[in-house]
2 protein chains.
Amino acid sequence: MTELVTDAPVRPGVYLRGTETVDAILKAALSVLLDEGAAAFTIRRIAAACGMKVGNVSYHFPRKEMLIQVLLDDLFNSYDVKLELSVRQPNLSAEERLRTVIAMCLDDIASKRTTRLFTELWALANHNDFIAERVRIFYSSVHEVIGEHVAALNPRLSPDEVRTLSLFISASMEGATPFLGYQKPWANKMPAIAAISAEWFVKLAKSIEPGEISRMIEQRG
Amino acid sequence: MTELVTDAPVRPGVYLRGTETVDAILKAALSVLLDEGAAAFTIRRIAAACGMKVGNVSYHFPRKEMLIQVLLDDLFNSYDVKLELSVRQPNLSAEERLRTVIAMCLDDIASKRTTRLFTELWALANHNDFIAERVRIFYSSVHEVIGEHVAALNPRLSPDEVRTLSLFISASMEGATPFLGYQKPWANKMPAIAAISAEWFVKLAKSIEPGEISRMIEQRG
DNA sequence: ACCAAAGTTTGATAACTGTCCAGTATTCGA
DNA sequence: TCGAATACTGGACAGTTATCAAACTTTGGT
């Protein structure tokens, strides 16, 4: 278990040259993680990937853990931006908006970056509290976005029921990652799974009755 | 990328003492992987975990890759056995059998072993062909078991439609792993998600019409 | 143009990695 | 019980790891 530091990582680099170097290091670090995996994620491999000396990478990121934290912060920020954009979809019904979010999520899951990144993060989160916490915060915001649309589709549901349905929908979609993601065995089935997801998660959100989830749990507790 | 060897790994150990040692090594290797993660999965750490000398582990498993392959073979065999048992559920309707399989899968996903093991395997599969292939074969058999029940519930579906639905159901359930699995952030929601899964995946399998999936894909291609 | 701060190079450190091997101990069939 | 096969020990090997520090170059505000 790692120390859990809640402070936001400070991105190094003061002079222009420094910030450009830091950018190059982060870009190389991500490509190493995605193309070669966590085992190859070493300072030396990253330095080689951006044509730098090991000592220079080590100067900007004195601790390897710091590099990981800054990298993750950058990545999650870019995902949050994408997520914010999906909320600002005007001229669409609640149903169409939920369909859009589902399509966007599954489209993103099929990308190389997301498939590789999140499978690695889920594994690292098992024994790295910093990563576990950042992943949790990210998915909380995903659930919130989905929840807004679920609540709009079915206003009688309680906040907790909305959270439960959002979790179900989100988790179901994320499950596509190791099976239908980038270069995964059933990637060719993604259109079918995306179609079923859009249809049935909307149907689920619309037709669940208040109190029905509790009733289902009791039946088979 | 690793070399893809299709031959089944040969478990070392000829004398009784040797097989017992091999068992102890494999048990220790698994516990290291689950308790400390892939980064700690070293010969020395494994040897320490079972109170052996490094040279002895290295004698039984001259290559580290060999240890991984034998370990995975053992693990997947035990999962296959569990899966076979789930098929032999007599005196149950097709609907009840699908419900049972769903409950079993999600119950298993919530266990420490499965949560930790498969998150690690999904990550390792990104860059290790042997692991990727074994994981694929395992899930193929999972899909087949689910498919039998789906076909029984809805006999008019084509084999490909049955496969697609099985993939959807399986992937959706596996998605619970990083969110509702062992010590994961939303583990306390597992009863609710299990109830929704049992109810709605059965409903899905029963009510999808032949040709409906293709129609859904066309609508939003 | 100066010059302190920032950035970079070079080389070293100790700790760790998988693999190997000569020597020794144990096992178990003949 | 003998002895060849098997199992185990202790140590060594070359290569890798993250981190550090002294010397050198570049930067950019004054």
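Side chains included, hydrogens not; waters and symmetry mates left out as well; all remaining heavy atoms used.
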Check: protein-nucleotides 14-20 of chain C nitrogen or oxygen pairs below 3.5 Å:
unit_1  : atom_1 : unit_2 : atom_2 : d
dT17(C) : OP1    : T42(B) : OG1    : 3.3
dG18(C) : OP1    : I43(B) : N      : 3.3
dG18(C) : OP1    : K64(B) : NZ     : 3.0
dG18(C) : OP2    : I43(B) : N      : 3.1
dG18(C) : N7     : R44(B) : NH1    : 2.7
dG18(C) : O6     : R44(B) : NH2    : 3.4
dT19(C) : OP2    : K64(B) : N      : 2.9
dT19(C) : O3'    : R63(B) : NH2    : 3.3
dC20(C) : OP1    : R63(B) : NH2    : 2.4
dC20(C) : OP2    : R63(B) : NH2    : 2.5

For [X] and [Y], test the side chains for any donor-to-acceptor distance below 3.5 angstrom and give the result as yes or no.
X       : Y       : answer
N126(A) : Q183(B) : no
R113(A) : S78(A)  : yes
T114(B) : Y182(B) : no

Distance, rounded to the nearest Å, where I25(A) contributes CD1 and dG7(C) contributes C1': 11 Å
Length of the line joining D23(A):CG and dG7(C):P, which is rounded to integer Å: 12 Å
Sugar-phosphate means primed atoms, P, OP1 and OP2; the rest is base. With that split, encode nucleotides 24-30 of chain D 5' to 3' as B, S or - using protein heavy atoms under 4.0 Å. --SBS--
Identify whether any heavy atom of K53(B) sits under 4.0 Å from a base atom; if not, whether one sits that close to sugar-phosphate; answer base, sugar-phosphate or nothing. sugar-phosphate
I need the minimum non-hydrogen distance between V10(B) and V70(B), along with the two atoms involved. O-CG2, 4.0 Å
Could you pull out the closest heavy-atom pair between H127(B) and G37(A), with the gap in Å? CE1-N, 3.2 Å
Using the rule given for side chain to side chain contact (heavy atoms under 4.5 Å, CB included), can you reason through M173(B) versus F201(B), listing the C-alpha separation, both sets of side-chain angles and the distance that settles it, and then say yes or no? CA-CA 10 Å; M173(B) 289 192 296; F201(B) 292 149; 3.9 Å; yes
OP1 or OP2 of [N] sitting under 4.0 Å from any side-chain N/O of [X]?
X      : N      : value
T21(A) : dG7(C) : no
H60(B) : dC8(D) : yes
Y59(A) : dT8(C) : no

Salt bridge flag under 4.0 Å for residues E148(B) and R97(B): no
Cation-pi check, R136(A) onto F179(B) ring (under 6.0 Å, within 45° of axis): no
